[in-house]
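In what follows, a single structure is set out as structure tokens and then discussed.
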There are 2 protein chains.
Amino acid sequence: MPIFRQLIDQIKQAIRMNLLVNGEQLPSVRVLASALQINPMTISKAFSQLEIEGVLIRKRGVGMLVAEVQENGHISSSIETPLQKFIENAHKENLSNDQIMALVQQYLSIQSQEKSK
Amino acid sequence: MPIFRQLIDQIKQAIRMNLLVNGEQLPSVRVLASALQINPMTISKAFSQLEIEGVLIRKRGVGMLVAEVQENGHISSSIETPLQKFIENAHKENLSNDQIMALVQQYLSIQSQEKSK
DNA sequence: AATAGTGTATTAATATACTAATACACTAAT
DNA sequence: ATTAGTGTATTAGTATATTAATACACTATT
């Protein structure tokens with residue numbers, strides 16, 4: 001798993017656990033880079049992604065701040081929209097909630113197989 | 001999107017639409033390769049993946065056959081497409097499988113609440 | 001056994017994704 | 001204006017994923 005992606009995970013997790021709270025400023029890219037022994041640009045890349053997702057706010061020349069925490073965590077519409085459509089259509093075709101959960105699990109396992117190759 | 005992955009999708013779709021039926025033999029890798037103007041190995045790679053997923057059956061020296069249609073094999077694309085997109089995007093944003101399952105469950109319960117109103 | 005049809009293991013080439021180095025731009029406080 | 005702190009655009013290097021070329025193995029038929 002790429003470094004910048006691991007970093008994204010860790011920051012999101014920290015926010016979920018309230019180790020980082022709304023409005024708080026994150027350590028600078030250089031401080032983090034030094035602490036984690038990785039390149040500043042790799043950290044910047046993670047920051048950029050988190051800004052796109054609305055998790056962090058970029059203040060030019062100042063630093064990165066933790067954004068307002070959303071109701072459902074930080075679910076982007078690129079996730080939420082297809083999820084809603086999936087459930088809606090599944091219900092239209094009279095699939096039960098259990099069947100829906102089973103379907104999701106099945107597709108998750110398929111994707112795992114594909115990744116492990 | 002990689003060629004072999006597009007091919008996997010197309011074959012699955014063809015089976016869903018009954019353009020390919022249970023037990024039917026697929027065109028050989030060379031025939032397909034020639035028709036689609038791509039390398040035979042790329043097609044073989046798609047076939048291998050589909051065999052792992054249980055969609056096709058490999059007969060050595062003979063060819064690839066369409067497998068028995070699965071329990072969940074008749075899911076309409078109006079369900080499958082958003083599901084795939086949902087999982088794909090969720091993974092892009094680094095949600096774990098557990099988190100994905102939790103999300104689905106959450107949305108299922110929300111929809112139930114709305115219905116009972 | 002020879003042949004002509006299957007798919008594929010192995011390897012090499014290519015494309016893509018990721019990381020790192022450098023120099024730069026922005027902001028706040030001197 | 002200078003300084004010291006932010007983040008980042010650009011570019012180059014590296015690693016990984018994908019595609020392609022070749023030679024091979026299996027099966028059925030003759």
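Since the structure is predicted, the reported quantities are computational estimates derived from the model, not experimental observations. Below, chains carry the letters A, B, ... as their sequence lines are ordered, and counting in each starts from 1.
- Residues passing the side-chain contact (heavy atoms from CB on, under 4.5 Å) test with B/Gln105, sequence neighbours excluded: A/Met101.
- Nucleotide C/dT6 holds its C1' atom 16 Å from the CD1 atom of B/Ile57, rounded to whole Å.
- Contact check, B/Ser28 against C/dT6: a side-chain N or O comes under 4.0 Å of OP1 or OP2.
- Protein atom CD of A/Glu51 is 11 Å distant from nucleotide atom C1' of D/dG7, rounded to whole Å.
- Contact of the A/Leu103 side chain with the A/Phe86 side chain is registered, since non-hydrogen atoms from C-beta on lie closer than 4.5 Å.
- Annotation: salt bridge (Lys or Arg N to Asp or Glu O under 4.0 Å) contacts involving residues 31-51 of chain A, sequence neighbours excluded, comprise A/Glu51-A/Arg58.
- Taking the side-chain contact (heavy atoms from CB on, under 4.5 Å) definition, one finds that A/Asn39 meets it with A/Met41, A/Thr42, sequence neighbours left out.
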What does the list of N/O pairs under 3.5 Å between the protein and nucleotides 12-18 of chain C look like, with a distance for each?
none

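- Regarding A/Met64, its CE atom lies at a distance of 16 Å from the C1' atom of D/dG5, rounded to whole Å.
- At D/dT8, one or more side-chain N or O atoms of A/Ser44 fall inside 4.0 Å of OP1 or OP2 (strictly under the cut-off).
- Scanning for side-chain contact (heavy atoms from CB on, under 4.5 Å) contacts around A/Leu32 gives A/Pro27, A/Leu36, A/Ile43, A/Phe47, with sequence neighbours left out.
- Taking atom CG of residue B/Leu7 and atom P of nucleotide D/dT18, one finds them 14 Å apart after rounding to whole Å.
- Residue A/Gln37 contributes atom CD, which lies 15 Å from atom C1' of C/dT19 at whole-angstrom precision.
- Between the side chains of B/Gln6 and B/Gln10, not a single donor N or O lies within less than 3.5 Å of an accepting N or O.
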- Where protein sits on nucleotides 22-30 of chain C, one letter per nucleotide: B base, S sugar-phosphate only, - none, heavy atoms under 4.0 Å: ----BS---
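- Going from atom CD of B/Gln6 over to atom P of D/dA17 covers 19 Å, rounded to whole Å.
- Rounded to whole Å, the distance from CE on A/Met1 to C1' on D/dA17 is 17 Å.
- For B/Glu80, the side-chain contact (heavy atoms from CB on, under 4.5 Å) criterion is met by A/Tyr107, B/Arg16, B/Ile75, B/Gln84, not counting sequence neighbours.
- Applying the side-chain hydrogen bond (donor to acceptor under 3.5 Å, both in side chains) test to pairs two or more places apart or on separate chains, those with a residue in residues 17-38 of chain A are A/Asn22-A/Glu68.
- Hydrophobic cluster membership of A/Met1, counting Ile, Leu, Val, Met, Phe, Trp and Tyr whose side-chain heavy atoms lie under 4.5 Å apart directly or via other members: none, as it forms a cluster of its own.
- The separation between A/Gln49 atom CD and D/dG7 atom P is 17 Å, rounded to whole Å.
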